[in-house]
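One structure below.
The structure presented is a predicted model; accordingly, all values stated were derived computationally and were not measured.
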Amino acid sequence: MALKVFRRLRSLQRDILACQAEGRRACISRRVNPAGEHRLELLMERLAGRRVSMLQAAEFELLANLPGVRDALEFRDEAA
């Protein structure tokens with residue numbers, strides 16, 4: 001299971017950095033619903049298409065620690 005998560009995060013890292021190389025920014029938004037549940041959504045608008053990925057908080061922390069990722073992200077907080 002750890003290997004599967006690692007592969008997913010590396011794929012996201014590649015897409016985030018490719019998005020940045022195209023002059024765009026990947027956006028991460030945290031939405032909190034009325035019940036207080038948090039949802040992290042990663043959105044990448046690229047020349048070749050769009051990718052949306054839902055992340056657990058722990059997955060996001062791992063992803064953000066990969067080289068180049070934190071600097072390439074735009075953060076948004078939104079209410080659900």
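- For the residue pair Gln13 and Leu66, the shortest heavy atom distance occurs at NE2-CB, 3.6 Å.
- No side-chain heavy atom of Arg14 sits less than 4.5 Å from a side-chain heavy atom of Leu9.
- For CD of Glu74, the number of neighbouring non-hydrogen atoms (other residues, nucleotides, ligands) closer than 6.0 Å is greater than 12.
- Using a 4.0 Å cut-off between a side-chain N of Lys or Arg and a carboxylate O of Asp or Glu, Arg24 and Glu45 do not qualify as a salt bridge.
- Considering CD of Glu61 and CG of Asn65, their distance stands at 6.5 Å, rounded to 0.5 Å.
- The heavy-atom pair separating Asp71 from Gln20 by the smallest distance is O-NE2, 4.3 Å.
- Between Phe60 atom CZ and Arg70 atom CZ the span is 5.5 Å, to the nearest 0.5 Å.
- Counting non-hydrogen atoms of other residues, nucleotides and ligands closer than 6.0 Å to CZ of Arg8 gives a total above 12.
- Residues Leu3 and Arg7 are in side-chain contact: their nearest non-hydrogen atoms beyond the backbone lie under 4.5 Å apart.
- Ion pairing of Glu41 with Arg30 is absent here, as no side-chain N (NZ or NE/NH1/NH2) approaches a carboxylate O to less than 4.0 Å.
- In this structure, Leu63 is a member of the same hydrophobic cluster as Phe75, with clusters built from ILVMFWY side-chain heavy atoms closer than 4.5 Å.
- Across Ala72 and Leu17, no two heavy atoms sit closer than the pair CB-CD2, 4.5 Å.
- For the atom pair CG (Leu12) and CG (Leu62), the distance works out to 11.5 Å, reported to the nearest 0.5 Å.
- A continuous path of ILVMFWY side-chain contacts below 4.5 Å connects Leu42 to Leu40, so both sit in one hydrophobic cluster.
- To the nearest 0.5 Å, atoms CG (Leu73) and OG (Ser29) are separated by 11.0 Å.
- Heavy-atom minimum distance, Cys19 versus Ala26: SG-N, 4.0 Å.
- Contact check for Glu22 versus Arg46: side-chain heavy atoms found under the 4.5 Å cut-off.
- Residues Ile16 and Met44 form a side-chain contact, since some pair of their non-hydrogen atoms from C-beta on lies under 4.5 Å apart.
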